[in-house]
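Structure record follows, encoded as C-alpha cells.
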Amino acid sequence: MSTEDRIVVKGGKKLEGDVTVGGSKNAAVAIICASAMVKGKVFLENVPRITDIQVLLETLKQIGASVQWTGDKTVEVDATGVNSPICDNPDLSTLRGSYYFVGSLLGRFRQAKVVFPGGCNFAPRPIDQHVYAFETLGASVETTGGYITAKTKKLVGNSIYFDNYSVGATINSILTATLAEGTTTIENANREPHVVDVANFLNMMGADIKGAGTNAIRIKGVKELTGGRSYSICPDMIEAGTLMIAAAATKGTVTLHNVMPEHMDALSMKLTEMGVTVEAMDDSITVKANVKRVKNTNIKTMPYPGFPTDLHPQFATLLSVADGESRITEGVFPTRFQYVEQLQKLGANIQLSGESAIIKGVPKLIGAPVLPTDLRAAAAMVIAGLMAEGQTTIYNLEYLDRGYEDFIKKLQSLKAVIERGK
Ligand code: EPU
C-alpha cells in the first residue's frame with residue numbers, strides 16, 4: 001500500500017449550495033513580494049492559505065521583515081527592517097511568482113539576487129521580457145548559477161515596449177519603476193485583474209501608477225512607500241472559474257460568493273452558450289446546470305479579458321462530455337496539454353493538433369487513478385472525478401496545494417463525495 005497523499009472522489013453527485021472564493025493567488029504572490037518595498041506595517045486581507053504564499057512569507061522573514069498571520073486570512077507584514085537584497089530560500093524555486101522579489105528589491109536596494117523561479121512546468125517559461133524591463137530601467141542582469149541577479153547605481157524611468165504579453169513582466173516592471181527616478185511607460189501591458197490589484201496596492205502605499213487595467217501604464221517614480229494601511233486582495237478568478245466549471249460538470253446549482261462577476265465574463269459567456277444558466281449579482285454568481293448534456297463549443301485562450309489559460313484544463317474536462325466536437329486552442333502557452341493524457345485515462349476522446357485539442361464529447365467518464373503534473377491540471381482531475389462514474393484517485397497533491405485554498409473542504413461543503421487521505 002502506498003502511503004502517498006491522495007484524493008479519492010466518488011463521482012456522480014451534483015454540487016449544491018454556497019461557497020466563498022478565496023483571495024487571488026496570482027495577486028497575492030505579487031503583493032507579498034511588493035510589501036518588501038514598503039517601510040511600515042501593511043495589513044493584508046483575503047490572503048489565501050496556500051503553499052506558494054507560505055514560501056514567500058517565509059522568505060520575507062529571512063530577509064528581515066516581521067510577518068504575522070493575525071487571522072484566518074489576514075497577514076501583517078512590516079518590512080521596515082528588511083536589510084538584505086538576497087533571497088536564497090531554496091523553496092522559491094518551486095513557484096513562479098518568486099521573481100517578483102527581483103522587481104521589488106531592485107527598487108528598494110538597487111540590487112537583488114533571487115533564486116531562479118520554477119512553478120508549473122507545462123511549457124517553456126522564458127524571462128527575457130523581465131530582463132528587458134529591468135535593463136531598460138538601468139539595471140544589469142545575470143541569470144546564472146541558479147539565481148537572477150540584478151543591480152544598478154541608478155534606476156531611471158524609461159519607455160518599456162513589450163514584444164509579447166506577459167503578466168509577470170508587466171508586474172515586475174511596475175514594481176521596479178515604482179521606486180525608480182522619473183516616469184516609466186509600459187506599452188503592451190497585460191490587463192489581468194491581478195495586475196490592477198498590484199497597482200492598487202502600491203498606490204495605496206504611496207505609489208503613482210495610472211492606467212493599470214489598460215495596455216498602457218504610466219508610473220511616476222516615488223522616493224518611498226509607507227505603510228500603516230490595510231489592503232484586501234481581490235477574489236481569485238481562477239478558483240471561482242474552477243468551481244463554476246465543477247458546478248456545470250456535475251449538473252449542480254452553486255452560488256459563489258466573494259467574486260467579481262465581470263472578471264468571469266469570458267467563462268460565463270461560454271457556459272451560457274453551452275446551455276448552463278449563469279446569474280451574476282453584485283459580488284456573487286449562481287451557476288445552474290439544468291441540462292441533460294452541455295453543448296459543444298470552441299475556445300481560444302488569450303490574455304485577459306480573453307478566456308484564461310489557467311481555466312483551460314478544467315474547461316477541457318467539461319467539454320469531454322459535451323454533446324458534439326469542441327476545439328480548444330492555446331493562445332498563451334502553446335504546449336499546455338499535459339492534462340490530456342490523464343483525462344484520456346477516464347475515457348475522454350481528445351486528439352492534439354498543433355496548438356489545439358480536438359475534443360469529441362463522450363456520454364460519460366469512468367473513474368481511474370490519475371497523476372496530474374501541474375496545478376490547473378490537478379484541479380481538472382478533481383472535476384473529472386466529480387463527474388465520472390465510480391471512483392477516481394488523484395495523486396501528486398503538491399500541485400493542488402500550491403494554488404487552491406481548502407479546495408476539498410469547499411467541495412465537501414457543496415456535498416461532493418471527496419476525501420483526502422493516505
Ligand atoms: N513569455 C516570454 N518571455 C517572458 C515572459 C513570458 O516569452 O519573459 C511568454 C510565456 O512563455 C508565455 C506568455 O509569454 O507564452 C505569457 O506568459 P506570462 O509571463 O503572462 O505568464 P507568467 O507571468 O509566467 C502568470 C501566472 C500563470 C498564468 C500566466 C498567464 C503567476 C504567478 N503566474 O504566469 O499562472 O498561467 O500568467 O495568465 O501569476 C497558474 O496560476 O496556474 C499559472 C500558471
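Each ligand, and each atom within it, is numbered from 1 in the order the structure gives. None of these values were measured; they are calculated from a predicted model.
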Judged by non-hydrogen atoms, does Phe122 sit under 4.0 Å from ligand 1? yes

Distance under 6.0 Å and angle within 45° of ring axis: Arg6 vs Tyr395: no

For Ala30 and ligand 1, answer yes if some heavy atom of the residue is under 4.0 Å from a ligand atom, otherwise no. no

Atoms of ligand 1, numbered as shown, that sit under 4.0 Å from any heavy atom of Ser166: 5 (C), 6 (C), 18 (P), 19 (O), 20 (O)

Nitrogen or oxygen atoms of Lys25 and ligand 1 under 3.5 Å apart: yes

Contact check, Tyr165 vs ligand 1, heavy-atom distance below 4.0 Å: yes

Does the plane of the ring in His263 sit parallel, tilted or perpendicular to the ring in Tyr304? Use 30° and 60° as the thresholds. perpendicular

Evaluate whether atom CZ of Arg420 has more than 12 neighbouring non-hydrogen atoms of other residues, nucleotides or ligands under 6.0 angstrom away. yes

Heavy-atom contact check, 4.0 Å cutoff: does Gly403 meet ligand 1? no

Less than 3.5 Å between some nitrogen or oxygen of Phe333 and one of ligand 1, yes or no? no

Give me the residue, atom name and distance of the protein heavy atom closest to atom 18 (P) of ligand 1. Val167 N, 3.7 Å

Measure the distances from the heavy atoms of Tyr99 to every atom of ligand 1 and state whether one is below 4.0 angstrom. yes

Would you say Glu239 touches ligand 1, if touching means a heavy atom closer than 4.0 Å? no

